Amino acid sequence: MPAGLLEVFKSDERFRSGMNIFVNRAYEAFDIPQHTHDAIEISYVTEGTGFQFINDSVVSVRRGDIFLLPIGTSHVYRPPSPEKTRTLGVINCVFRLEALANTPDFPPPGSVLHDAIFSPHQMQLPYFHHYDKDSLFTELFHSILTEYRQRQACYEVVVQGLFMQIIAALHRSTLTPSAAERGNDKILDAIHFIKRHFHEDITLKQVAEHAYLSVSHLQRLLKQTTGVSFTSYVQHLRVQKCCELLKSSTMTVQQIAGAVGYQDMKFFHSLFRERTGMTPQEYRKNGEAELLRAVPNP
């Protein structure tokens, strides 16, 4: 969807007077449209699993995932199923650049986090990601949420302090990469290969050969990185592309299914409904309504 047609969550409508930080908790569902922010968002997945659509990519998420999204990045979280019993909980910390005004040299210029906040055009991916495998961020995010909600005396100062601790901890996470992170190049190459060829009759063996990995090692790395199997990851890429074509083209549903690699329409309809909670026709209709709502009135 063109960026100009996306709903923009405006900080002036959400931030409290005098504050440059906004914090909330959300349980993600299928009724929230893909959107952008005019501020920077840090989100922490507190429970469940699912997917996050970021620009034109789909990323598997699980408890402990932390994402920093630069200003203007389009995204939306989706649980793994439209069933209400399977939740995906996220704490969001959205901030303006003014929140860092008192620390002009932090994060340090040239660092990964500095680029993510101030120079996102230099990033390889449209987001910064950290996996909190040791739960070091759990207390920080829950504490900043509690302080923001309860509004006790001097809470603004406490929220600012906790926010700076989060930024500092994220910066530290980039300084001591684990062995798994140091060996990340091959799996990232494999994922990029999948994204370029997901509409073809792609196999795990082909991807493994491209990345110079054994099939079994690729399976393990892919599961560790995305949280899902190769087949599930390809399916989500295909459904995401279908969603884009349903909103942006006049192609028939059958043509769209074929364009992303599906000839079995019964299977395609079943998969699409499982992933989005609606049929392709319903998605196209709702999508058009979302586009109309997102266009500013003259």
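Every value quoted in this text rests on a predicted model; they were computed, and no experiment measured them.
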Cluster check [X], [Y]: I/L/V/M/F/W/Y, side chain < 4.5 angstrom:
{"X": "Leu125", "Y": "Phe128", "answer": "no"}
{"X": "Val90", "Y": "Leu140", "answer": "no"}
{"X": "Ile91", "Y": "Ile66", "answer": "yes"}
{"X": "Leu170", "Y": "Leu136", "answer": "yes"}
{"X": "Val94", "Y": "Leu100", "answer": "yes"}

Minimum-distance pair of heavy atoms, taken over all atoms of [X] and [Y]:
{"X": "Ile191", "Y": "Tyr233", "answer": "CG2-OH, 3.3 Å"}
{"X": "Ala211", "Y": "Ala190", "answer": "CB-CB, 4.0 Å"}
{"X": "Ile21", "Y": "Cys93", "answer": "CG2-SG, 3.9 Å"}
{"X": "Ile117", "Y": "Pro107", "answer": "CD1-CG, 4.0 Å"}
{"X": "Asn55", "Y": "Pro126", "answer": "ND2-CB, 3.4 Å"}

With the side chain counted from C-beta on, respond yes when [X] and [Y] share a heavy-atom pair under 4.5 Å apart, and no when they do not.
{"X": "Met265", "Y": "Val253", "answer": "yes"}
{"X": "Gln240", "Y": "Arg275", "answer": "no"}
{"X": "Gln235", "Y": "Phe230", "answer": "no"}
{"X": "His121", "Y": "Ser119", "answer": "yes"}
{"X": "Ser249", "Y": "Ile256", "answer": "yes"}
{"X": "Glu147", "Y": "Leu162", "answer": "yes"}
{"X": "His75", "Y": "Phe53", "answer": "no"}
{"X": "Arg96", "Y": "Asp12", "answer": "yes"}

Check: [X] side chain, [Y] main-chain N or O, donor-acceptor pair, under 3.5 Å:
{"X": "Asp132", "Y": "Phe137", "value": "yes"}
{"X": "His217", "Y": "Leu213", "value": "no"}
{"X": "Asp115", "Y": "Met123", "value": "no"}
{"X": "Thr225", "Y": "Leu222", "value": "no"}
{"X": "Gln206", "Y": "Thr203", "value": "yes"}
{"X": "Arg63", "Y": "Thr46", "value": "yes"}
{"X": "Arg62", "Y": "Val45", "value": "no"}
{"X": "Ser270", "Y": "Phe267", "value": "no"}
{"X": "Thr276", "Y": "Met278", "value": "yes"}
{"X": "Thr73", "Y": "Leu69", "value": "no"}

Check: Taking only residues two or more places apart in sequence, or in another chain, which ones meet Tyr127 in a ring-ring contact (aromatic ring centres under 6.0 Å, His included)?
Finding: Phe67
Notebook entry, point to check: Partners of Tyr27 by ring-ring contact (aromatic ring centres under 6.0 Å, His included), sequence neighbours excluded?
Noted result: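 ring-ring contact (aromatic ring centres under 6.0 Å, His included) check on Tyr27 returns nothing, list empty.
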Item checked: Worked verdict on Leu68 versus Glu41 for side-chain contact (heavy atoms from CB on, under 4.5 Å) -> CA-CA 6 Å; Leu68 185 150; Glu41 177 174 334; over 6 Å; no
Check: Using the ring of each side chain (for Trp, its six-membered ring), is Phe268 parallel, tilted or perpendicular to Tyr262, with breaks at 30° and 60°?
Finding: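 Because their plane-to-plane angle lies in the 30° to 60° range, the rings of Phe268 and Tyr262 count as tilted.
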Notebook entry, point to check: Taking the inter-plane angle between the rings of Phe22 and Tyr148 on a 0 to 90° scale, is it parallel (under 30°), tilted (30 to 60°) or perpendicular (over 60°)?
Noted result: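 Taking Tyr148 first and then Phe22, their aromatic rings stand perpendicular (interplane angle over 60°).
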Next item on the list: Mind running side-chain contact (heavy atoms from CB on, under 4.5 Å) on His37 and Ile71 for me, showing each step along the way?
Entry: CA-CA 6 Å; His37 296 262; Ile71 295 172; over 6 Å; no
Measure the spacing between [atom1] of [X] and [atom2] of [Y] and express it to the nearest 0.5 Å.
{"X": "Arg196", "Y": "Glu200", "atom1": "CZ", "atom2": "CD", "value": "10.5 Å"}
{"X": "Ser111", "Y": "Arg172", "atom1": "OG", "atom2": "CZ", "value": "14.0 Å"}
{"X": "Ser216", "Y": "Leu204", "atom1": "OG", "atom2": "CG", "value": "9.5 Å"}
{"X": "Thr279", "Y": "Lys285", "atom1": "OG1", "atom2": "NZ", "value": "10.0 Å"}
{"X": "Asp189", "Y": "His210", "atom1": "CG", "atom2": "NE2", "value": "3.5 Å"}
{"X": "His129", "Y": "Ile54", "atom1": "NE2", "atom2": "CD1", "value": "9.0 Å"}

Next item on the list: Please determine which of Phe51, Phe272, Phe198 meets the ring pair (Phe, Tyr, Trp, His ring centres under 6.0 Å) test together with His236.
Entry: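 The option that passes is Phe51.
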Compute the centroid of each ring, for [X] and then for [Y], and state whether the two points are separated by less than 6.0 Å.
{"X": "Phe163", "Y": "Phe95", "result": "yes"}
{"X": "His197", "Y": "His199", "result": "no"}
{"X": "His171", "Y": "His114", "result": "no"}

Margin query: Would Gln160 and Glu156 count as a side-chain contact (heavy atoms from CB on, under 4.5 Å) here? Give the steps.
Written below: CA-CA 6 Å; Gln160 177 69 31; Glu156 299 95 337; over 6 Å; no
Check: Between Ser43 and Asn92, does any side-chain donor sit less than 3.5 Å from a side-chain acceptor?
Finding: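 Absent: no donor and acceptor within the cut-off.
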Checklist line | Side chains of Arg78 and Gln52, donor plus acceptor under 3.5 Å | finding: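 No.
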Heavy-atom count check: over 12 atoms from other residues, nucleotides or ligands less than 6.0 Å from [X] [atom1]?
{"X": "Asp264", "atom1": "CG", "result": "yes"}
{"X": "Gln281", "atom1": "CD", "result": "yes"}
{"X": "Gln255", "atom1": "CD", "result": "yes"}

Checklist line | Check ion pair Glu282-Arg273 (N to O, under 4.0 angstrom) | finding: yes
Next item on the list: Give the intermediate values and the outcome of side-chain contact (heavy atoms from CB on, under 4.5 Å) for residues Thr49 and Leu88.
Entry: CA-CA 6 Å; Thr49 61; Leu88 175 62; 5.6 Å; no
